[in-house]
Amino acid sequence: MSEKARVLIIDDDPDFVDGIRGVLEAAGYQVDAVYNPKAGFEALKRRPPDLLLLDILMGRGAEGVMLARKMRKDPQLSQIPTLIITGLREQIAFLFPGQAVHPHILAVDELMEKPVDPQLLLDRVKALLDAAARRRVAG
Amino acid sequence: MSAGARVLIIDDEEIVLDVCREILEGDNYTVATAPDGAQGLSLAEEFGPDVVFVDLKMPGLSGFEVLERLRTRDPSIVPIVITGYATLASAVEAMQKGAYDFVPKPFTPEEFRLITRRALEKRRLVRETIALRREQEMLRENFAAIVAHELKAPLAAVQQNLLLLTVELADRLTDAQKERLARLRSRLDDLLKMIDTWLRAISADLGKIRERFLPTDVAGVIAKAVETVQPYAARKDIEITQALPPSLPAVHGDEGTLGEALTNVLSNAVKYSYAGGKVGVSARVDDERILIAVTDAGVGIAPDELPYIFGDFYRGRAGVTGEAGAGLGLAVTRRIVEAHGGTITAESMPGKGSTFVITLPVRRAAEAARDRPEAQNRPVAPLGGAV
């Protein structure tokens with residue numbers, strides 16, 4: 001990873017985004033943020049990031065889930081490593097019954113609960129980026 | 001609500017219809033009439049009456065039948081029977097079947113007006129009650145979501161920034177200042193956890209989960225719960241080991257809440273374990289029951305506390321790192337397990353660790369248990385006076 005990896009955050013809470021952005025920027029990532037699902041989708045299409053941080057409970061209901069569904073239908077966007085961050089507590093895995101272990105809203109994703117421990121966040125981000133890099137080499 | 005109120009009158013005597021119409025239209029009501037039950041019912045459909053007067057003795061569809069069909073279609077319509085002296089007994093019967101009042105023939109205009117006004121007042125009350133009840137249900141159903149978003153989101157944002165400040169100021173703060181920052185974070189953490197637990201206790205009607213019971217794969221539930229707790233275990237360098245038979249029979253249950261129950265027990269095991277310790281999950285089948293055991297080698301529970309740990313608002317003495325909860329986790333867990341016809345028990349040695357065992361009936365036995373109402377009603381009492 002010689003180039004700075006680009007991380008896009010889509011979350012409707014600017015204060016929360018600031019808290020995350022600082023952690024990621026301090027670790028050397030280039031961070032962009034968009035504060036609603038619609039603009040988020042446009043930003044994704046315009047320039048797909050190396051990694052997406054997505055709040056799935058934006059706005060009224062789960063607009064982020066809708067965004068994730070739209071991403072899954074798009075062959076290019078569905079491959080973006082995505083870290084889903086949500087205010088729901090850890091039982092979120094159980095909101096998607098019948099699936100083996102993990103909801104996997106997207107092909108490549110990982111779940112975390114708000115607020116996120118900074119080190120845990122960096123660990124997950126790095127793991128997802130490394131896995132994506134390995135896939136690229138293999139592919 | 002008298003002005004514009006809609007009144008439907010069903011009677012085979014034209015003179016009655018005319019007289020009633022005349023009385024009510026003078027008072028600004030909107031009136032519709034029908035000469036028999038069948039026409040009355042189809043008129044009620046499009047007219048949308050507030051009050052319906054039905055003659056009990058009509059050719060064709062009887063007044064009783066009309067009453068019954070009106071009520072099944074819209075229980076908020078106020079039905080009143082019109083009856084001659086000879087059928088007073090049937091008027092009483094009609095009221096027993098749900099008519100709100102009766103008008104004995106012959107009647108004076110004033111009597112008729114009075115009964116109509118009373119009926120409309122009743123209609124207003126019925127509609128208010130229905131609206132109130134609907135509002136309460138909406139609030140109850142959406143309470144968790146509303147509070148989760150409105151209350152938790154700002155707290156999470158504050159916490160996230162505290163976490164960032166901790167990192168950013170790491171080499172500029174004194175130890176005392178760092179310690180203060182850590183306490184702020186820990187208080188916020190407690191608050192966030194408490195909201196989660198309270199939400200759970202308030203919003204979940206555990207009595208209702210039986211309605212959506214399905215054949216549920218226990219191994220899958222265990223796997224999900226372990227995966228959920230894994231990150232927290234990893235942070236404390238705790239290994240979660242699993243000893244499961246190659247296959248487990250299904251239980252009749254609800255995957256979501258069962259998973260939550262198991263997650264609660266597992267995260268307790270992690271919480272009360274020493275760093276670097278082990279937590280074990282095992283399962284076996286014994287006599288139509290599945291036994292799931294979660295064992296830790298942590299701080300343990302004192303014998304005098306053990307009988308109370310599944311009660312509401314019991315709070316264990318602080319965990320290894322001083323963690324504390326709202327004292328509802330195990331109470332909710334117990335309710336979930338009991339709603340599944342199962343049991344949860346705990347054994348513990350202070351300083352040595354604890355073992356929690358959840359027992360669930362395998363599917364066939366569980367389905368049979370559904371036919372025993374006393375087994376259903378007992379376990380899932382609402383939180384004792386708390387909400």
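Within every chain, numbering begins at 1; the chains are lettered A, B, ... in the order of the sequence lines, protein sequences first and strands thereafter.
For B/Arg185, no part lies near chain A; criterion is any non-hydrogen pair under 4.5 Å. For A/Leu120, the parts sitting under 4.5 Å from any heavy atom of chain B are the backbone and the side chain alike. Using a 4.5 Å cut-off between heavy atoms, A/Asp18 touches chain B through backbone and side chain atoms alike. For A/Arg21, no part sits under 4.5 Å from any heavy atom of chain B, backbone or side chain.
When A/Leu121, A/Asp123, A/Asp13 are compared by the number of non-hydrogen pairs under 4.5 Å with chain B, A/Asp13 comes out ahead. Ranked by non-hydrogen atom pairs under 4.5 Å with chain B, the options A/Gly22, A/Pro14, A/Pro115 are led by A/Pro115. Per-residue counts of heavy-atom pairs under 4.5 Å with chain B were compared for A/Val116, A/Asp117, A/Val23, A/Asp15; the largest is that of A/Val116.
Identified by a heavy-atom distance below 4.5 Å to chain B, contributing residues of residues 38-51 of chain A are lacking entirely.
Under the 3.5 Å distance criterion, the side-chain polar atoms of A/Thr82 are left unmatched by any main-chain donor or acceptor of A/Leu52. With B/Glu338 contributing its side chain and B/Arg335 its backbone, the two residues share no donor-acceptor pair below 3.5 Å.
Because its NZ or CZ atom is not both nearer than 6.0 Å to the ring centre of B/Tyr232 and within 45° of the ring axis, B/Lys271 does not count as a cation-pi partner of that residue.
Across B/Val337 and B/Thr359, no two heavy atoms sit closer than the pair CG1-O, 4.2 Å. Pairing each heavy atom of B/Pro231 with each of A/Arg124, the nearest pair is CG-NH2, 3.4 Å. Closest heavy-atom contact between B/Ile290 and B/Pro249: CD1-O, 3.2 Å.
Between B/Thr257 and B/Asp254, the side chains place a donor N or O and an acceptor N or O closer than 3.5 Å (distance only, hydrogens not considered).
In this structure the side chain of A/Leu67 reaches within 4.5 angstrom of the side chain of A/Ile10, judged on heavy atoms. For the pair B/Phe356 and B/Thr333, the minimum side-chain heavy-atom distance is 4.5 Å or more.
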